[in-house]
Amino acid sequence: MSQISLTFPDGNSRDYDAGVTPAEVAASIATSLAKKAISATVNGAHWDMQWPINEDARIAINTMQDDEPALELIRHDLAHIMARAVQEIWPDVKVTIGPVRDNGWFYDFDRQEPFTPEDLGQIEAKMKEIINARDAVKTEIWSRADAIKYYEDNNEPYKIELVNRIPEDEDLRMYWHGDWQDLCRGPHLQHTGQVPADGFKLTHVAGAYFLGDSSRPMLQRIYGVAFKNRKDLKAWETMMEEAAKRDHRKLGREMDLFHMQEEAPGQIFWHPNGWKIYTTLQDYMRRMQEVDGYVEVNTPQVVDRKLWEKSGHWDNYQENMFIVEVDEEHAREKAINALKPMNCPCHVQVFNSGLKSYRDLPLRMAEFGSCARYEPSGALHGIMRVRGFTQDDAHIFCTDDQIEAETKKFIEFLAKIYADLGFHNWTIKLSTRPEKRIGSEESWDRVEKALGDACNAAGYEYEIQEGEGAFYGPKLEFTLTDAIGRQWQCGTLQVDPNLPERLSATYIGADGDKHRPVMLHRAVLGSFERFIGILIEEHAGKLPFWLAPRQVVVASIVSEADGYVDEVVAALRAVGVRAEADKRNEKINYKVREHSLGKVPVILAIGAREVEERTVSARRLGENRTSTISLDDIVAQLKDEAQAPDLK
RNA sequence: GCUGCAGUAGCUCAGUGGUAGAGCACUCCCUUGGUAAGGGAGAGGUCGGAAGUUCAAUCCUUCUCUGCAGCACCA
């Protein structure tokens with residue numbers, strides 16, 4: 001038998017017979033290591049303790065101390081253990097797939113009865129039994145025919161389908177956890193007892209389609225989370241509670257920002273507080289765009305289907321459009337209109353109105369465009385995914401040669417805005433040509449390069465998303481990460497030569513002939529509604545002073561102070577600070593509590609002493625201390641703080 | 001849109017086949033209190049909507065609307 005040489009992390013090498021397994025290697029080092037080993041890393045690949053090694057390699061034996069392999073194995077083995085538990089309790093349930101995901105795993109089952117929360121408890125108990133049984137994990141490579149025969153005998157139709165989907169040149173690997181069998185790539189732990197029995201939890205059940213195919217019947221997916229120990233599980237639970245506290249739907253109610261009701265699903269009733277955030281943000285964006293050379297337009301909401309037919313939306317986007325039938329007074333047939341789902345076709349109409357010269361380009365046309373899209377009911381989510389929203393939309397009409405410079409300019413514009421709004425952690429993705437596309441290869445080459453070069457010129461790295469571009473052109477996506485690590489795609493820039501073509505947009509070139517402009521669709525915030533939702537969650541409701549809908553509450557401690565309270569409020573309002581008086585017959589404790597819960601950034605308490613000295617006792621949200629400041633000073637200070645970042 | 005779960009006072013929730021209850025919020029009264037809930041009283045709901053079963057429905061059945069979680073969707 002031939003020999004191979006294995007090199008350990010400390011640099012030492014040893015020779016073994018070819019086909020040696022990591023289990024044997026570990027045993028050759030120390031019995032204790034063989035016992036606590038969970039897997040190996042062989043030439044960078046995650047390797048099962050039972051898989052043979054046939055050539056010289058670098059090898060490291062992993063234990064529970066190695067976080068990455070440990071968590072992957074724990075979660076992956078739990079997926080199998082859960083499926084085994086389910087089939088032990090309900091033998092008729094069919095198994096499908098169960099991958100590791102996020103902080104845990106899921107497994108999809110085909111079962112007539114829905115799983116109930118009580119079922120989850122029962123499954124969890126059974127899983128703990130399996131873990132305590134410390135059943136060995138075994139693996140073998142099987143032939144296709146044997147595997148299919150096996151699954152036919154065991155009546156597991158989904159597994160047969162999965163076997164048939166595995167490429168011919170790939171090994172079919174079968175795993176056993178005790179007597180329970182599953183088709184699986186591996187690797188796995190050495191035995192079920194290596195899973196920490198107190199570090200996991202089944203979280204919820206939800207429907208999911210087999211292999212994501214919505215034309216097929218829905219399966220039941222059970223989700224679980226798992227960690228190395230009880231402490232980490234608790235930490236995860238605490239984090240989830242924190243995230244729930246930031247939920248913009250909850251904070252929106254508590255801060256009286258907006259509400260939604262069933263007569264207008266997916267649309268927002270903005271209350272005064274919420275609308276103040278909205279208009280403050282919009283005013284800021286309007287100033288920024290003017291400085292950056294945009295012109296602002298406004299276009300119709302309800303537009304005849306003829307335009308949507310020309311733009312292509314009628315054929316490609318109709319199911320997402322609100323269609324409106326209108327009885328024309330003097331016409332027998334009904335006119336059919338649609339609420340605009342996008343602003344671009346209307347902007348081309350503005351562009352087309354009057355001859356444009358090459359001297360007009362690039363023409364940056366912005367609109368805070370109210371759009372309506374009939375989003376599927378299941379997609380709606382608070383103010384983040386709605387049916388009526390307003391984009392900070394703009395279309396840059398330009399020549400091919402201007403694409404790169406305009407893109408660079410836009411990235412710098414967007415970076416400034418994200419920084420002003422407190423987001424410093426964001427990335428760019430470049431989506432390239434998809435399989436179904438129009439336009440020549442040369443033009444795709446050119447435009448993809450222009451976008452990439454623009455990113456570099458602006459000083460930003462980007463990640464490529466192969467084949468994710470629109471059918472007419474590539475795009476950049478700007479994704480920001482919030483305070484608790486969630487990612488949001490907000491900004492976008494898409495190159496579109498198609499719509500100008502369809503809607504016959506032209507300009508007169510230097511040569512006196514007509515030419516076709518290119519359109520860059522671009523947005524920074526995406527939609528005001530969604531972005532405000534992100535802002536609320538990012539700040540847990542404690543918005544920066546300039547964006548806070550209620551900035552200052554001036555609260556009396558005794559009623560003798562009421563007159564001076566009004567004076568303080570008036571002085572603040574006179575310099576543009578949003579201030580209100582609280583002269584209610586309540587104790588200062590009560591008022592402080594209420595306004596703190598209402599996320600008011602500054603509370604100014606006024607008692608007899610402050611009246612006497614013409615001062616205020618200031619308290620900042622989140623701080624327990626107070627400070628006494630003269631009226632003039634606090635007015636000057638808050639006036640400055642209330643300025644939007646671009647005006648400071 | 002699909003699967004599952006849910007809908008009772010402004011909010012958070014309890015509850016029963018015989019036309020409903022708590023805490024907070026609200027209104028009024030007492031209290032003028034120094035930085036996260038002072039005390040008392042009162043008002044407030046055709047129990048998401050429609051139909052059905054029943055002597056009787058908030059409760060059981062069906063349909064429907066809306067929300068929540070996930071899937072699918074996201075030019």
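Letters A, B, ... mirror the listed sequences (proteins, then strands); counts begin at 1.
The phosphate of B:G1 has OP1 or OP2 within less than 4.0 Å of a side-chain N or O from A:S377. A:R619 has a side-chain polar atom (N or O) that falls below the 4.0 Å cut-off from OP1 or OP2 of B:A36. Distances shorter than 4.0 Å separate some side-chain N or O of A:R253 from OP1 or OP2 on B:U12.
The one candidate from A:N343, A:T492, A:D496 that meets the side-chain hydrogen bond (donor to acceptor under 3.5 Å, both in side chains) condition with A:H521 is A:D496.
Taking a pair to require two hydrogen-bonding distances under 3.5 Å in either a Watson-Crick or a G-U wobble arrangement, B:G17 remains unpaired. Searching all strands for a Watson-Crick or G-U wobble partner of B:G1 with both distances below 3.5 Å returns B:C71. Across all strands shown, B:A6 forms a Watson-Crick or G-U wobble pair with B:U66, both key distances being under 3.5 Å. With a cut-off of 3.5 Å on both pairing distances, B:G44 has no Watson-Crick or G-U wobble partner at all. Base pairing of B:U58: no nucleotide in any strand meets the Watson-Crick or G-U wobble criterion (both distances under 3.5 Å). Using N1 to N3 plus N6-O4 or O6-N4 for Watson-Crick, or N1-O2 and O6-N3 for G-U wobble, each under 3.5 Å, B:G23 pairs with B:C11.
Spacing of C1' atoms, B:G10 relative to B:A72, comes out at 36 Å, to the nearest Å. With C1' as the reference atom, B:A36 and B:C24 are 15 Å apart, rounded to whole Å. The gap from the C1' atom of B:C55 to that of B:G48 amounts to 27 Å, rounded to the nearest Å. When the C1' atom is compared between B:C47 and B:C59, the two are found 9 Å apart, to the nearest whole Å. B:C74 and B:G15: their C1' atoms are spaced 42 Å apart (whole Å). Taking atom C1' in both B:A57 and B:U19, the straight-line distance is 9 Å, to the nearest Å. Of the C1' atoms belonging to B:A9 and B:U27, the separation is 15 Å, rounded to the nearest Å. Here the separation of B:A56 from B:A14, taken at their P atoms, is 30 Å to the nearest Å.
The distance between atom CD of A:Q267 and atom P of B:G67, rounded to the nearest whole Å, is 11 Å. The NZ atom of A:K599 sits 12 Å away from the C1' atom of B:A36 (whole-angstrom rounding). The distance from atom CG of A:D108 to atom C1' of B:C71 is 9 Å, rounded to the nearest whole Å. The NE2-C1' distance, from A:H271 to B:G10, rounds to 10 Å in whole Å. Atom-to-atom, NE2 of A:H381 to C1' of B:C74 comes out at 14 Å; the value is rounded to the nearest Å. The distance from atom OH of A:Y590 to atom P of B:U35 is 18 Å, rounded to the nearest whole Å. Taking atom CD of A:E263 as the reference point, atom P of B:G48 lies 15 Å away to the nearest angstrom. The interatomic distance linking A:N589 (CG) with B:G39 (C1') rounds to 15 Å, in whole Å.
Using a cutoff of 4.0 Å between basic side-chain nitrogens and carboxylate oxygens, A:K201 and A:E124 are not scored as salt-bridged. Taking a cutoff of 4.0 Å between a charged side-chain nitrogen and a carboxylate oxygen, A:K245 and A:E254 do not qualify as a salt bridge.
With B:A36, B:A69, B:U66 as the choices, the nucleotide that has an atom nearest any side-chain atom of A:H204 turns out to be B:A69. Among B:A25, B:A69, B:U35, the nucleotide with an atom closest to any side-chain atom of A:I588 is B:U35. Checking B:G34, B:A72, B:G67 against the side-chain heavy atoms of A:P376 singles out B:A72 as nearest. The A:A379 side chain lies nearest to B:A72 when the options are B:A72, B:U32, B:A69. Nearest nucleotide to the A:A206 side chain, out of B:G67, B:A69, B:C65: B:A69. Considering only the side chain of A:R385, B:C73 comes nearest among B:G70, B:U35, B:C73. Comparing atom distances between the A:S596 side chain and each of B:A36, B:C11, B:G70 picks out B:A36 as nearest. Distance from the side chain of A:Y374 is smallest for B:G1 among the nucleotides B:A37, B:U12, B:G1. Of all nucleotides listed (B:G67, B:G34, B:U35), B:G34 comes nearest to the side chain of A:A608.
Residue-level contact check: A:N316 touches the bases, meaning some heavy atom is under 4.0 Å from a base atom. A:E610 comes within contact range of at least one nucleobase, with a heavy-atom separation under 4.0 Å. Note on A:I603: nothing from the nucleic acid sits closer than 4.0 angstrom, heavy atoms only. Backbone-only contact: A:R101 has heavy atoms under 4.0 Å from sugar-phosphate atoms and none from a base. Residue-level contact check: A:R249 touches the backbone only, with heavy atoms under 4.0 Å from sugar-phosphate atoms and none from bases. Within 4.0 Å of A:A605, counting heavy atoms only, lies at least one base atom of the nucleic acid. Counting any heavy atom pair closer than 4.0 Å across all strands shown, A:G607 reaches a base atom. Using a 4.0 Å heavy-atom cutoff across all strands shown, A:V205 reaches no nucleic acid atom at all.
In plain terms, the two heavy atoms of A:Q465 and A:S431 that are nearest each other are OE1-OG, 3.1 Å. In terms of heavy atoms, A:M321 sits closest to A:P341 at CG-CG, 3.8 Å.
Residue-to-nucleotide proximity on RNA chain B shows that, of A:D213 and A:F471, the 5′-proximal contact is made by A:D213. Remark on RNA chain B: of its neighbouring residues A:P265 and A:Y223, the 5'-side contact belongs to A:P265, judged by nearest-heavy-atom nucleotide.
Relative ring orientation between A:H347 and A:H395 is described as perpendicular, the plane-to-plane angle rising above 60° on a 0-90° scale split at 30° and 60°. Classified by interplanar angle (parallel below 30°, tilted 30° to 60°, perpendicular above 60°), the ring pair A:H313/A:Y317 is perpendicular.
A donor-acceptor contact shorter than 3.5 Å links the side chain of A:T96 to the backbone of A:D108.
The base of B:U35 has none of its N or O atoms less than 3.5 Å from a complementary donor or acceptor on the side chain of A:T626. Judged by distance alone, with hydrogens and angles left aside, A:R221 brings no side-chain donor or acceptor close enough to the base of B:A69 to form a pair under 3.5 Å.
With 3.5 Å as the limit, one finds a donor-acceptor pair spanning the side chains of A:Y472 and A:Q494.
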